[in-house]
*Asks:* 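Before I ask anything, here is the structure I am working with.
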2 protein chains.
Amino acid sequence: MNSPYSGESASPYSSDQSIGVPSPPTVVAAFNRPYDAIHHDGPYINILEQPQSKFRFRYKSEMVGTHGQLKADRAEKNRAAFPTVKLSKWNSGPAVIRLTLYTAEDNINQRKRHVHELSGKNCNKETGICEVVVDEKSDYTAVFQNLGIIHIAKRDTREIIKQRKLEELMTLARVRKPHHSNEEIRRSITPTDLKKIDEEAEEEAKSMDLNKVVLRFQAFQYDKNIESYRPITLPVDSDVVFNLKNATTGELKIVRMSACSAPCTGGTEIWLLVEKVRRNNVHIKFFELDENDREVWKAYGEFADADVHHQYAIVFRTPRYRVTNLSTSVRVKVQLERPTDKDTSEALDFTYLPDSLKRPRINLENTLEEGKPHFSDLPPAKRFNISSYTNEAIDLSNNSKLPLVFVNS
Amino acid sequence: MNSPYSGESASPYSSDQSIGVPSPPTVVAAFNRPYDAIHHDGPYINILEQPQSKFRFRYKSEMVGTHGQLKADRAEKNRAAFPTVKLSKWNSGPAVIRLTLYTAEDNINQRKRHVHELSGKNCNKETGICEVVVDEKSDYTAVFQNLGIIHIAKRDTREIIKQRKLEELMTLARVRKPHHSNEEIRRSITPTDLKKIDEEAEEEAKSMDLNKVVLRFQAFQYDKNIESYRPITLPVDSDVVFNLKNATTGELKIVRMSACSAPCTGGTEIWLLVEKVRRNNVHIKFFELDENDREVWKAYGEFADADVHHQYAIVFRTPRYRVTNLSTSVRVKVQLERPTDKDTSEALDFTYLPDSLKRPRINLENTLEEGKPHFSDLPPAKRFNISSYTNEAIDLSNNSKLPLVFVNS
DNA sequence: GGGGAATCCCC
DNA sequence: GGGGATTCCCC
């Protein structure tokens with residue numbers, strides 16, 4: 001009966017858990033006091049600037065040189081903004097706002113301390129935790145500039161989680177047996193405790209998504225009575241930050257499209273160059289918006305697994321437009337869509353053309369311009385970039401250009 | 001003066017090298033006797049089956065499960081063949097044929113023991129060296145089945161080379177001071193020797209190409225007099241084996257082509273899906289052979305760096321054909337070409353069409369087949385595979401099919 | 001900031 | 001046998 005958790009005190013591993021703690025304590029255990037000490041009409045943190053949604057996590061091996069910081073979600077083109085929080089309903093002097101990475105489960109109560117770490121100014125290199133002091137001068141506002149997210153290698157996660165859990169356990173033991181020596185505290189942890197920690201760490205490591213984090217903010221004040229920090233607000237989580245360098249969470253993007261118009265009857269083969277997609281986790285969505293930007297029609301490009309070349313190109317056929325007896329062309333949109341997270345790429349313009357079968361005969365003579373691209377019956381493929389592609393689709397309804405096709409007699 | 005190489009005996013690190021040894025000894029040092037003991041009109045090894053030119057090297061971490069063996073270069077579709085050598089002009093009983101990986105410098109005299117190892121039956125797990133006994137029964141022929149090439153991680157190469165050099169040095173010292181204890185031998189190696197080894201290992205590691213090896217074969221016989229093996233042939237190197245999983249040495253391949261014909265005037269945009277290429281190390285070669293398979297014309301597709309999408313797609317424009325007043329279409333070939341090693345992909349058929357400007361007008365009416373691909377004025381893009389693509393290019397000279405183009409009025 | 005090389009994992 | 005995920009490196 002060596003365990004600090006045997007007898008009347010509840011073991012953290014028994015079902016008899018301590019009061020409704022929404023998340024386990026971090027390794028900085030002195031910070032963690034029961035939340036019920038917090039008045040719910042008292043001070044709180046609100047997030048003035050959410051972090052950007054996509055950001056490239058960097059491995060420790062990449063921490064040489066500089067690679068850009070986490071910015072605010074709606075940072076302006078020119079003037080960068082950064083994640084920012086404000087401590088409200090508080091005027092009892094300086095406070096510390098602590099920022100820790102947590103996992104991104106939908107259910108906030110399931111979130112755990114993440115193995116990934118924060119890097120940059122105000123960040124503790126040991127813990128990967130960032131702290132900023134706020135006071136009246138700063139209007140109790142903390143701007144987290146210069147943040148990086150350190151991607152801990154998968155192979156290291158288990159051991160890290162295990163060590164943290166061990167720390168927790170020892171801290172708890174120290175709290176309960178304040179007069180014991182470190183040696184005694186260490187010895188008070190039983191093999192059963194260790195086994196439990198091991199199993200939990202294994203399970204947690206396996207289920208931890210290394211490509212998503214949230215920023216968890218909480219405010220603390222130094223309390224002279226207990227000679228340590230105590231929380232003065234509940235924790236608040238930011239929106240999810242996704243790892244940009246990952247096919248499951250990275251940015252969807254159409255880099256180049258072989259044609260941006262095709263007959264409304266569908267079935268036209270089009271080639272796309274795209275950024276890292278996953279074969280079974282990408283759709284090509286055609287859709288149409290009304291004047292109020294409401295989606296009035298959608299359909300998906302058709303392709304097989306084999307039409308996705310590595311993670312960078314897709315050869316597909318256009319879907320039939322909702323109407324096939326067009327007399328004039330119709331402008332719609334195309335975008336990539338990722339089923340797993342419903343994320344989409346920026347939408348490109350696409351033009352559905354009247355069915356050529358219903359067009360009058362035309363004269364081919366003297367119509368080929370020498371040196372003009374000859375790839376397609378449609379306007380030449382364009383290189384797209386953010387600033388130029390939105391107006392590339394060609395509307396043929398007001399001129400005499402006609403698409404031609406392979407002639408079969 | 002502790003070094004085994006001080007005084008009158010030549011240090012392996014002085015310029016006064018021992019007799020014309022074309023390559024350094026391996027760690028299996030007992031095997032290595034001066035080659036001048038070999039009669040040059042005596043026994044020799046010849047290679048009956050060269051190894052295949054491209055093979056995927058596997059990391060140690062991939063050594064779980066099975067991943068296929070190194071086969072002979074011209075293994076039949078159905079019946080696999082394996083690298084095979086024969087010991088000739090020898091009839092003095094069983095011999096050992098040793099197979100060791102060496103680097104693949106053009107100049108054979110610069111080749112060194114490679115850090116990569118061989119795996120499989122008859123291979124020593126410590127040394128990565130493979131040995132097979134041949135005798136009259138086997139017609140002195142060794143078939144190396146079940147060979148794998150283990151890709152040693154770059155970060156480990158320096159230390160491995162260093163350890164081998166140390167072994168060599170110790171072995172040499174033992175030979176020269178046969179009555180010294182191991183401890184004495186070890187102490188006889190000076191800091192200067194060690195420094196030299198370190199520098200050499202560093203240099204060798206840096207210059208070693210981890211994506212190429214040759215198989216070096218040599219025959220040995222057990223000699224009762226010296227109680228060890230002595231070589232009975234000179235070593236013989238196989239053709240180079242390239243690592244298949246590498247953009248610089250891997251197989252060049254056109255997986256899919258958006259069109260396999262275009263006007264002889266050139267400038268047609270065509271999209272290629274390819275296997276791992278390097279932006280600055282790939283050309284698209286069009287060429288024509290005469291009846292005797294002599295190349296009578298060649299030209300290259302035009303594209304910029306930015307037209308290579310990651311390592312898997314290239315958007316380029318066709319070169320102008322050597323004649324632009326064709327009255328009938330001409331069949332040529334296209335292939336990828338890699339400047340650094342002059343390697344090429346399999347060549348696909350491509351058809352140059354008469355300049356459409358010179359074609360008579362045609363009638364478009366009733367010529368579009370519903371549901372037919374509409375991507376291009378050219379035949380629909382085809383998925384290529386080894387067995388089917390060679391006949392895909394369409395020759396339009398003998399029928400009434402006509403390519404149409406974007407009409408500009 | 002970003003692409004791709006090197007290494008590892010798994011269908 | 002092969003594709004791609006993971007980690008690392010470098011322009």
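Residue numbering restarts at 1 for every chain, and letters A, B, ... go by the order of the sequence lines. As the structure is a computational prediction, the values presented were derived from the model and not from experiment. All heavy atoms count here, side chains included; hydrogens, waters and symmetry mates do not.
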*Asks:* Quick one: do B:Glu204 and B:Lys112 make a salt bridge, cutoff under 4.0 Å?
*Replies:* no

*Asks:* Does the side chain of B:Asn246 get closer than 4.0 angstrom to OP1 or OP2 of C:dA6 through an N or O atom?
*Replies:* yes

*Asks:* What is the separation between atom CG on B:Asp156 and atom C1' on C:dT7, rounded to the nearest whole Å?
*Replies:* 11 Å

*Asks:* Taking the minimum atom-to-atom distance to the side chain of B:His151, which one of C:dT7, C:dG4, D:dC8 wins?
*Replies:* C:dT7

*Asks:* Would you indicate what A:Arg56 reaches in the nucleic acid, counting non-hydrogen atoms under 4.0 angstrom: base, sugar-phosphate, or nothing?
*Replies:* base

*Asks:* Rounded to the nearest Å, what distance is computed from the NZ atom of residue B:Lys276 to the C1' atom of nucleotide D:dG4?
*Replies:* 10 Å

*Asks:* Measure from the side-chain heavy atoms of A:Arg155 and tell me the nearest of C:dA5, C:dG1, D:dT7.
*Replies:* D:dT7

*Asks:* Indicate whether OP1 or OP2 belonging to D:dT7 is found under 4.0 Å from a side-chain N or O atom of A:Tyr59.
*Replies:* yes

*Asks:* Using whole Å, what does the distance between atom C1' of nucleotide D:dT6 and atom NZ of A:Lys154 come to?
*Replies:* 8 Å

*Asks:* Over how many whole Å does the gap from A:Glu275 atom CD to C:dG4 atom C1' extend?
*Replies:* 12 Å

*Asks:* So, is B:Gln311 near the phosphate of C:dA5, with a side-chain N or O under 4.0 Å from OP1 or OP2?
*Replies:* yes

*Asks:* Could you give the CG-to-P distance, from A:Asn243 to D:dC8, as a whole number of Å?
*Replies:* 14 Å

*Asks:* Can you check the B:His309 NE2 to C:dG2 P distance for me, whole Å?
*Replies:* 14 Å

*Asks:* Counting only side-chain N and O atoms of B:Lys71, is one of them less than 4.0 Å from OP1 or OP2 of D:dG1?
*Replies:* yes

*Asks:* Taking the nucleotide of DNA chain D with the closest heavy atom to each, which residue, A:Leu210 or B:Glu62, is nearer the 5' end?
*Replies:* B:Glu62

*Asks:* NA contact type, B:Arg279, heavy-atom cut-off 4.0 Å: base, sugar-phosphate, or nothing?
*Replies:* sugar-phosphate

*Asks:* Given salt bridge (Lys or Arg N to Asp or Glu O under 4.0 Å), test A:Glu105 with A:Arg111 step by step and report yes or no.
*Replies:* CA-CA 6 Å; A:Glu105 282 84 0; A:Arg111 294 182 179 173; 5.2 Å; no

*Asks:* Near A:Asp106 CG, under 6.0 Å, is it more than 12 heavy atoms from other residues, nucleotides or ligands?
*Replies:* no

*Asks:* Do NZ/NE/NH1/NH2 and the carboxylate oxygens of A:Glu62 and A:Arg56 come within less than 4.0 Å?
*Replies:* yes

*Asks:* Could a donor-acceptor pair under 3.5 angstrom be found where the side chain of A:Arg58 meets the base of C:dG2?
*Replies:* yes

*Asks:* Quick check: any donor-acceptor pair below 3.5 Å linking the side-chain of B:Lys245 to the base of D:dG1?
*Replies:* no

*Asks:* Separation of B:Leu244 atom CG from C:dA5 atom P, in whole Å?
*Replies:* 15 Å

*Asks:* How do B:Arg278 and B:Lys60 order along DNA chain C: which one's closest nucleotide is nearer the 5' end?
*Replies:* B:Arg278

*Asks:* Measure from CD on A:Glu251 to C1' on C:dG3 and round the result to the nearest Å.
*Replies:* 15 Å

*Asks:* Does B:Arg338 come within less than 4.0 Å of B:Asp343, counting only side-chain N to carboxylate O?
*Replies:* yes

